[in-house]
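Data first, discussion second: the structure below is written as structure tokens.
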Amino acid sequence: MDEQPFLIFGAPAIGEEEIAEVVACMRSGWLGTGPRVARFEADFAAYRGVGPQHVAAVNSCTAALHVSMVAADLEPGSEVITTPLTFCATVNAIMHAGLTPVLADVDEATGNIDPDAIEAAITPRTRAIVPVHFAGRPCEMDRIVAIAKKHDLVIIEDCAHAIETEYHGTPAGRFGDFGCFSFYVTKNVVTGEGGMILGRHEEKIARARILALHGMSKDAWHRFGDAGYKHYQVVECGFKYNMMDMQAAIGLHQLAKVEKHWLRRQAIWARYDEAFSDLPITTPAPPEADTRHGYHLYTIRVDPSRCAVDRDGFLNAMNARRIGTGVHYLSVAEHPYYQDTFGWRAEDWPVAMRIGRETSSLPLSPGMTEADVERVIEAVRTVVLGQ
């Protein structure tokens with residue numbers, strides 16, 4: 001068992017095209033924000049059915065969330081409702097923008113934020129909603145949009161898991177004022193580190209682009225290009241959030257393979273569903289009608305009252321079998337910083353608490369071989385049944 005190679009959770013599928021593009025980028029002398037970032041923005045915009053003036057590449061989804069909140073012009077201290085079943089970056093971005101996070105519990109079956117809980121969390125200070133399309137499954141955006149319209153709220157979609165995701169024919173990221181995407185190394189399209197802002201309003205995306213590069217009116221490509229030097233002006237107090245051409249060089253070919261990789265993950269997902277159907281674990285609910293699941297995370301829930309181990313025992317046993325797993329996510333309210341800062345108690349969002357204490361994510365990379373998939377299946381069955 002120990003002689004087998006460690007199966008890395010979320011390992012990207014990188015091909016020779018990405019490697020050659022990175023080499024070409026290095027030989028070009030242009031490593032920072034430049035022509036490849038512009039191409040990547042244009043390709044991503046076309047993939048999501050918008051014009052290039054509606055997107056802005058940045059260096060992470062966290063940066064995308066932060067910049068979007070600043071560009072949305074929300075008053076300092078305003079309340080922003082989001083889910084407790086998310087990575088800490090969602091809440092941190094709200095705080096970095098000078099806003100106050102408010103949690104609304106999730107649906108037991110989907111892990112997505114519950115629209116009824118959003119309604120219950122709204123106060124006179126609420127100004128925005130940040131739904132997270134958990135694991136690639138779209139939130140109930142028709143209800144969330146209706147709530148936002150009723151209360152005049154901004155929607156900033158956290159689409160870190162949802163590049164391919166669609167809800168009733170509309171891509172994730174196009175329901176809100178902003179959609180924020182991730183190209184982190186474990187995501188469905190990879191640039192190593194990277195993110196993208198998709199915005200409904202051209203003027204707000206233009207502002208987001210300026211905010212993402214120190215508040216300067218021109219980026220380096222336009223200042224130092226062969227058309228001659230262009231002076232910049234600082235028009236806002238911005239941030240250092242720009243994407244590099246080195247990152248975009250990977251992303252160009254990753255995006256070109258997005259559908260092929262999605263189909264491979266869908267096939268692995270279906271094999272897992274089949275293989276685990278008789279186990280005493282909770283597997284992901286089927287995708288809802290008229291939606292497209294991004295198949296980003298295959299999460300199982302390990303309930304110690306039904307299984308031979310608890311969740312942490314499962315994680316350790318899988319690691320001993322040299323298979324990487326993830327936890328998506330321990331409820332935000334479980335973390336001491338937020339408890340100390342806001343007085344949050346995990347019990348106040350019981351569904352997210354239960355899911356967070358039982359969940360584990362299995363490898364789902366399109367780079368996995370059939371042998372890798374069967375190895376994961378065998379390990380899960382052995383650990384869960386205590387064989």
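The closest side-chain heavy-atom distance from C180 to D158 is not below 4.5 Å. Between R209 and E41, the closest side-chain pair of non-hydrogen atoms falls below 4.5 Å. A heavy-atom distance below 4.5 Å is found between the side chains of E108 and R301. Side-chain contact check for V154 versus R127: every heavy-atom pair is 4.5 Å or farther apart. I129 is not listed as a side-chain neighbour of H151, based on a closest heavy-atom distance of 4.5 Å or more. In this structure, the side chains of N92 and Y338 come closer than 4.5 Å at one or more pairs of heavy atoms. Within the 4.5 Å cutoff, no side-chain heavy atoms of P138 are placed close to those of F175. Under the 4.5 Å side-chain criterion, counting only non-hydrogen atoms from C-beta, F134 is not in contact with T110.
A salt bridge links R271 with E274; the closest basic N to acidic carboxylate O contact falls under 4.0 Å. Look at R143 and E119 and you find no salt bridge, because none of the NZ, NE, NH1 or NH2 atoms lies under 4.0 Å from a carboxylate O. Contact check on E358 versus R306 returns no salt bridge, with no Lys/Arg side-chain nitrogen under 4.0 Å from an Asp/Glu carboxylate oxygen. A salt bridge does not link E334 with R354: every distance from a Lys NZ or Arg NE/NH1/NH2 to an Asp or Glu carboxylate oxygen is 4.0 Å or more. Ion pairing between a basic and an acidic side chain is recognised when a charged N comes within 4.0 Å of a carboxylate O; E157 and R200 show no such pairing.
The backbone N or O of A333 lies less than 3.5 Å from a partner atom in the side chain of Q339, making a donor-acceptor pair. Between the side chain of N242 and the backbone N or O of L213 there is no donor-acceptor pair closer than 3.5 Å. A donor-acceptor contact shorter than 3.5 Å links the side chain of N112 to the backbone of R137. Formation of a donor-acceptor pair under 3.5 Å by the R207 side chain with backbone atoms of E203 is not found in this model. Without hydrogens or angle criteria, T33 side chain to M243 main chain gives a donor-acceptor distance under 3.5 Å.
Heavy-atom neighbours of Y184 OH from other residues, nucleotides or ligands within 6.0 Å: at or below the threshold of 12. At most 12 heavy atoms of other shown residues, nucleotides or ligands fall within 6.0 angstrom of atom CD in E16. No more than 12 heavy atoms of other residues, nucleotides or ligands lie within 6.0 Å of CD in E378, so this atom counts as exposed by the packing criterion. The number of heavy atoms from other shown groups lying within 6.0 Å of CD1 (I281) is above 12. Other residues, nucleotides and ligands place more than 12 heavy atoms under 6.0 Å from the CZ atom of F6. No more than 12 heavy atoms of other residues, nucleotides or ligands lie within 6.0 Å of CG in D152, so this atom counts as exposed by the packing criterion.
A tilted orientation is assigned to the rings of F239 and H66, their planes being inclined by 30° to 60°. Using bins of under 30°, 30° to 60° and over 60° for the plane-to-plane angle, the ring pair F87/Y329 lands in the tilted bin. Relative ring orientation between W344 and W349 is described as perpendicular, the plane-to-plane angle rising above 60° on a 0-90° scale split at 30° and 60°.
A distance of 12.0 Å separates NE2 in H261 from CD1 in I163, rounded to the nearest 0.5 Å. Rounding to the nearest 0.5 angstrom, the gap separating the CD atom in E166 from the NE2 atom in H293 is 13.5 Å. For the atom pair CD of E18 and CD1 of I250, the computed distance is 8.0 Å after rounding to the nearest 0.5 Å. Here the CD1-CG distance, from I377 to L362, works out to 9.5 Å after rounding to the nearest 0.5 Å. The structure places CG of D278 at 10.0 Å from CZ of F276, a figure rounded to the nearest 0.5 Å. For the atom pair SG (C139) and CD1 (I118), the distance works out to 7.5 Å, reported to the nearest 0.5 Å.
Residue S78 forms a side-chain contact (heavy atoms from CB on, under 4.5 Å) with just one option from L99, I94, T126, and that option is L99. When K257, Q254, H253 are each tested for a side-chain hydrogen bond (donor to acceptor under 3.5 Å, both in side chains) with E17, only one passes: K257.
I113 approaches P115 most closely through the heavy-atom pair O-CD, 3.4 Å. For the pair V132 and T86, the tightest heavy-atom approach, listed with the atom from each and the gap, is CG2-OG1, 3.7 Å. Heavy-atom minimum distance, A121 versus V102: CB-CG1, 4.0 Å. Residue H296 comes nearest to W269 through the heavy atom pair N-CZ3, 4.5 Å, listed as atom of the first residue, atom of the second, then distance. Across all non-hydrogen atoms, the minimal contact from R36 to A24 is NH2-CB, 3.6 Å. Counting all heavy atoms, side chain and backbone alike, I197 lies closest to S68 at CG2-OG, 3.5 Å.
Cluster annotation: L153 is not connected to V80 through the hydrophobic network of ILVMFWY side chains, with a link wherever side-chain heavy atoms come within less than 4.5 Å. Connection of V70 to V234 is not established within any shared hydrophobic cluster, with ILVMFWY side chains joined at heavy-atom distances below 4.5 Å, either directly or through further cluster members. Criterion: ILVMFWY side-chain heavy atoms under 4.5 Å apart, direct or through other members. Under it, F40 and F181 are part of a common hydrophobic cluster. In the hydrophobic clustering of ILVMFWY residues, with side-chain heavy atoms under 4.5 Å counting as a link, Y298 and V380 come out together. Connection of Y47 to L252 is established within a shared hydrophobic cluster, with ILVMFWY side chains joined at heavy-atom distances below 4.5 Å, either directly or through further cluster members.
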Inset, instruction - For side chain to side chain donor-acceptor pair (under 3.5 Å), just list the numbers for H133 and T165, CA-CA rounded to whole Å, side-chain angles, deciding distance to a tenth of an Å, and then say yes or no. - result: CA-CA 8 Å; H133 301 292; T165 300; over 6 Å; no
Inset, instruction - Decide salt bridge (charged side-chain N to carboxylate O under 4.0 Å, His left out) for E370 and R264; before the verdict, give the C-alpha distance in whole Å, the side-chain angles of both, and the deciding distance to 0.1 Å. - result: CA-CA 11 Å; E370 294 302 328; R264 175 58 182 153; 2.8 Å; yes
